[in-house]
Amino acid sequence: MARVKRGVTAHAKHKKVYKAAKGFRGRRKNTIRTAKPAVEKALVYAFRDRKRKKRTFRALWIQRINAAVRPFGLTYSRFIDGMAKSGITVDRKVLSDLAISEPAAFQAIAEKAKAALAA
């Protein structure tokens, strides 16, 4: 059996890790022993934060809606309750966008929600 030298394979594997570690500080970018765990950890963070991003944006939309309904004498939870009772089904992302870009349309929704709560 012929002898197999693994230099080419090892170099290719290392190159892949170094490419992923580009931009890291210190030896983490150019030493395989430190770059490999750093890249693995970065991938773990990337996976986790793709899920977390959805939570963060939902929280942002809720804060914006809450701030937008306060001038109408409502809280966020009462506003959502009023929307449910009035049968309006608009998601939080769109409500948040309406509150910023179309205040008149948002006011109409808020008034309907308030009326549904009173009834």
Side-chain angles (χ1 to χ4, degrees):
M1 195 98 197
R3 177 175 165 222
V4 177
K5 294 171 73 178
R6 298 188 58 240
V8 175
T9 313
H11 183 70
K13 278 184 163 182
H14 290 183
K15 209 167 132 182
K16 201 187 301 182
V17 174
Y18 292 140
K19 187 178 181 198
K22 193 171 183 179
F24 289 10
R25 295 185 69 162
R27 283 180 18 184
R28 295 162 64 104
K29 70 176 167 284
N30 56 15
T31 308
I32 195 66
R33 199 176 283 191
T34 53
K36 205 170 180 183
V39 166
E40 285 172 7
K41 188 67 169 177
L43 291 172
V44 168
Y45 283 141
F47 179 83
R48 180 198 69 189
D49 292 337
R50 278 196 301 275
K51 313 291 174 217
R52 194 170 277 187
K53 187 162 102 175
K54 294 160 184 65
R55 275 180 251 166
T56 308
F57 269 101
R58 185 181 169 98
L60 174 68
W61 299 329
I62 288 170
Q63 286 173 351
R64 285 177 176 173
I65 294 166
N66 191 22
V69 296
R70 292 292 172 138
F72 306 116
L74 290 168
T75 61
Y76 168 77
S77 60
R78 297 289 293 151
F79 173 68
I80 293 296
D81 184 35
M83 279 186 50
K85 285 178 178 170
S86 65
I88 300 170
T89 54
V90 181
D91 67 355
R92 286 155 183 82
K93 180 180 178 180
V94 173
L95 281 170
S96 169
D97 191 47
L98 277 176
I100 294 165
S101 60
E102 301 285 335
F106 185 80
Q107 184 176 357
I109 292 171
E111 296 302 332
K112 280 191 177 181
K114 199 170 183 180
L117 285 171

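When hydrophobic side chains of Ile, Leu, Val, Met, Phe, Trp and Tyr are connected at separations under 4.5 Å, Met1 ends up as a singleton with no cluster partners. Other cluster members for Phe57: Leu60, Trp61, joined by side-chain heavy-atom distances under 4.5 Å among Ile, Leu, Val, Met, Phe, Trp and Tyr.
Legend: salt bridge (Lys or Arg N to Asp or Glu O under 4.0 Å) pairs involving residues 56-72, not counting sequence neighbours: none detected. Counting only residues at least two apart or on different chains, no ring-ring contact (aromatic ring centres under 6.0 Å, His included) pair has a member in residues 29-52. For residues 38-52, the set of pairs meeting the salt bridge (Lys or Arg N to Asp or Glu O under 4.0 Å) definition, not counting sequence neighbours, is empty. Screening residues 87-119 for ring-ring contact (aromatic ring centres under 6.0 Å, His included) gives Phe79-Phe106 as the qualifying pairs, with residues at least two apart or on separate chains.
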Let me have the donor-acceptor pairs involving side chains of residues 80-98, under 3.5 Å, with sequence neighbours excluded, atom names and distances please.
residue	atom	partner	partner atom	Å
Asp81	OD2	Lys85	NZ	3.3
Ser86	OG	Gly82	O	3.1
Ser86	OG	Met83	O	3.1
Asp91	OD1	Val94	N	3.1
Arg92	NE	Tyr76	OH	2.6
Arg92	NH2	Tyr76	OH	3.4

Pair up each side-chain donor or acceptor in residues 12-20 with any protein partner under 3.5 Å, not counting sequence neighbours, and list the distances.
residue	atom	partner	partner atom	Å
Tyr18	OH	Ile32	N	3.3

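The side chain to side chain contact (heavy atoms under 4.5 Å, CB included) check on Gln107 picks up Phe72, Glu111, with sequence neighbours excluded. Residues passing the side chain to side chain contact (heavy atoms under 4.5 Å, CB included) test with Arg25, sequence neighbours excluded: none. Annotation: side chain to side chain contact (heavy atoms under 4.5 Å, CB included) contacts of Phe24 (sequence neighbours excluded): Ala21, Arg28, Lys29, Ala38, Val39, Ala42. With sequence neighbours left out, the side chain to side chain contact (heavy atoms under 4.5 Å, CB included) criterion links Arg27 to Asn30, Thr31, Thr34.
In plain terms, the two heavy atoms of Leu117 and Leu74 that are nearest each other are CD1-CD2, 3.8 Å.
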